[in-house]
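Letters A, B, ... mirror the listed sequences (proteins, then strands); counts begin at 1.
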Protein chains: 4
Amino acid sequence: MVNKVILIGNVGMDPEVRTLEGGAKVARIRLATTERLFDRQANEAKEHTEWHTITLWRGLADVVDRFVRKGSQIYVEGRLRTREWMDKDNNKRYTTEILADTMNLLGRRSDNPASEGAPAYGGQQQGGYQQSGYQQPTAAPQPQPQSAAPSAPADDPDDLPF
Amino acid sequence: MVNKVILIGNVGMDPEVRTLEGGAKVARIRLATTERLFDRQANEAKEHTEWHTITLWRGLADVVDRFVRKGSQIYVEGRLRTREWMDKDNNKRYTTEILADTMNLLGRRSDNPASEGAPAYGGQQQGGYQQSGYQQPTAAPQPQPQSAAPSAPADDPDDLPF
Amino acid sequence: MVNKVILIGNVGMDPEVRTLEGGAKVARIRLATTERLFDRQANEAKEHTEWHTITLWRGLADVVDRFVRKGSQIYVEGRLRTREWMDKDNNKRYTTEILADTMNLLGRRSDNPASEGAPAYGGQQQGGYQQSGYQQPTAAPQPQPQSAAPSAPADDPDDLPF
Amino acid sequence: MVNKVILIGNVGMDPEVRTLEGGAKVARIRLATTERLFDRQANEAKEHTEWHTITLWRGLADVVDRFVRKGSQIYVEGRLRTREWMDKDNNKRYTTEILADTMNLLGRRSDNPASEGAPAYGGQQQGGYQQSGYQQPTAAPQPQPQSAAPSAPADDPDDLPF
DNA sequence: TTTT
DNA sequence: TTTT
């Protein structure tokens with residue numbers, strides 16, 4: 001009932017972005033998360049880097065296309081998805097990936113490798129808002145770097161009848 | 001940029017549910033989460049119960065109305081929201097609540113206090129599916145107990161061009 | 001930097017539990033999370049069940065051993081871990097699992113398949129506390145069902161100097 | 001049973017850090033999370049900034065003391081905690097805060113307002129490791145900027161008996 | 001009170 | 001005010 005993944009890490013290589021025949025955009029990212037852990041056997045600190053494959057569709061793929069590069073630090077929220085495929089020897093193989101529901105660019109805009117020589121954004125306010133999700137198929141054109149689309153209904157807490 | 005709350009606990013009293021003039025439904029729940037912690041000063045285990053106020057709108061409020069009762073065990077995902085209000089002495093006061101984005105009933109259906117004398121659901125499979133969110137304004141009628149609405153687009157991993 | 005998985009689902013088969021030569025206990029669980037999604041192509045609702053493999057060590061493995069069975073509904077918080085192994089044809093293969101940091105049994109105690117014919121717990125209060133984590137190597141003997149160990153320091157908010 | 005808050009935002013002012021008589025360090029941070037939402041009534045996009053008060057103890061307070069400043073972008077994982085207090089008119093008042101379990105500095109080191117004129121860290125690699133938690137009272141000296149302490153036991157997946 |  |  002709940003299948004949630006939350007990652008913060010650095011992108012290992014420039015993302016792959018494709019457009020399907022039907023017009024849907026898909027992006028794939030390799031993301032590294034590094035943790036320190038203590039090796040009980042060796043009685044010493046070690047570091048472990050885990051590499052994640054993340055798939056992003058439509059609006060999120062578009063944000064990736066425009067703003068994510070090798071080295072970008074990002075936040076991803078999504079779900080685990082195991083795909084089944086056949087290898088060259090016709091053996092069933094499984095690959096586990098993260099299907100993204102939300103993505104945010106982290107750090108300052110100047111951190112972003114994609115900001116070098118990037119489109120000017122005409123000095124606009126550009127929002128800096130960074131929540132994005134699949135929930136917004138009707139997302140307006142997205143001039144903001146680091147952003148996909150509005151995320152939530154504005155149910156006014158002042159209206160509360162309690 | 002990220003404001004996320006994840007709670008699992010027990011409902012302290014029957015929820016309040018209201019319908020606004022405009023027709024929108026709102027529900028309010030008091031949820032208890034209990035944790036054990038170790039009191040360093042006293043050198044003994046203690047228990048702390050935290051009480052949360054959760055606001056749920058529209059489809060989620062409807063699920064609450066039908067299936068959540070005092071004693072229900074639920075999963076809630078949402079955001080922190082601090083409301084400002086004036087007390088009787090005209091002092092500014094603040095109240096922090098959780099605005100729910102998702103809610104799930106936990107446990108077996110028979111656990112659910114709302115299941116006593118509940119509508120029969122015609123012996124249907126009932127799925128046990130429990131994801132629900134505000135993202136689905138177009139949610140079909142929801143025959144499932146423990147559920148609000150479909151949660152996600154079915155981007156087919158088999159279509160992946162990678 | 002952040003590699004977090006949060007799952008709520010049902011256990012697909014009785015867990016495997018082993019004790020290593022060094023004395024450490026390990027458990028492995030297969031957990032199903034089911035979500036409903038809407039198939040855009042077919043224009044119809046579908047259901048997807050994702051199967052997760054979860055590894056739990058020491059105290060958590062012990063709780064699994066005693067209280068988790070096929071059918072149990074559990075909450076798991078952990079990290080993604082990809083293991084590399086060689087298949088029979090000497091090909092490098094990868095398997096992605098969840099290394100658990102926390103586990104909770106959900107629902108009422110009577111829901112728990114392990115509660116049938118279970119040890120009596122001497123009519124004790126039994127706590128019902130369900131937070132558990134690897135952080136507590138010094139966990140006291142754990143008489144509580146559904147529990148591993150205290151989870152948190154009791155830094156007293158009343159002591160706050162702010 | 002589960003009371004979890006995950007925040008990513010910007011620090012609104014320099015943190016307050018205190019040392020209690022017993023020697024424990026405590027820090028307090030005001031953190032802003034901004035989200036865009038769509039106002040259904042006004043039919044227009046709006047922005048909402050939520051301000052959170054975060055309390056951090058011991059090792060985390062120390063990291064805050066050394067590396068967090070007004071403007072820092074941070075990741076915080078913690079729990080909701082409502083404190084009761086008396087106002088000047090002897091009325092019971094409640095304040096909800098986040099008690100941090102983990103904190104990470106985000107962005108590149110050069111982003112960090114605390115890095116200006118900061119201690120040199122001996123030209124070291126700086127690691128970029130940022131997991132930190134209360135779980136590690138025995139943390140070794142922490143030469144890394146952006147870090148508190150090792151986070152996890154290194155249960156070796158290669159040892160798995162499955 | 002932050003950031004974009 | 002819940003639950004164990």
- [ ] Of all the heavy-atom pairs spanning D:Val11 and D:Val68, show the shortest one and how long it is.
- [x] CG2-CG1, 3.8 Å
TODO: May I have the distance from B:Trp51 (atom CH2) to F:dT3 (atom C1'), rounded to whole angstrom?
DONE: 9 Å
Task: Atom pair distance, as rounded to whole Å: NE2 in D:His52 and C1' in E:dT2 - done: 11 Å
- [ ] Assess the side chains of D:Thr95 and D:Trp85: does a donor N or O sit below 3.5 Å from an acceptor N or O?
- [x] yes
- [ ] Please report, rounded to the nearest Å, how far the C1' atom of F:dT3 is from the CD1 atom of B:Ile8.
- [x] 13 Å
- [ ] May I ask you to decide if D:Leu80's main-chain N or O and D:Asn3's side chain share a donor-acceptor pair within less than 3.5 Å?
- [x] yes
Task: Rounded distance in Å - CG (B:Asn10) to P (F:dT2) - done: 10 Å
Open item on the list: What is the distance, to the nearest angstrom, from the CD atom on D:Glu35 to the P atom on E:dT2?
Closed with: 19 Å
Task: Atom-to-atom span, CE of B:Met1 to P of E:dT2 - whole angstrom - done: 18 Å
TODO: For D:Gln73 and E:dT2, give me the distance from atom CD to atom P, rounded to whole Å.
DONE: 15 Å
- [ ] Give the rounded distance in Å between these two atoms: CD1 of B:Ile29 and C1' of F:dT2.
- [x] 12 Å
Open item on the list: If the condition is salt bridge (Lys or Arg N to Asp or Glu O under 4.0 Å), which residues does D:Arg69 pass it with, not counting sequence neighbours?
Closed with: none
- [ ] Remember a base hit wins even if backbone is also touched, and classify D:Thr33 as base, sugar-phosphate or nothing at under 4.0 Å, heavy atoms.
- [x] nothing
Task: Which nucleotide in E:dT3, F:dT3, F:dT2 has an atom nearest any side-chain atom of C:Arg108 - done: F:dT3
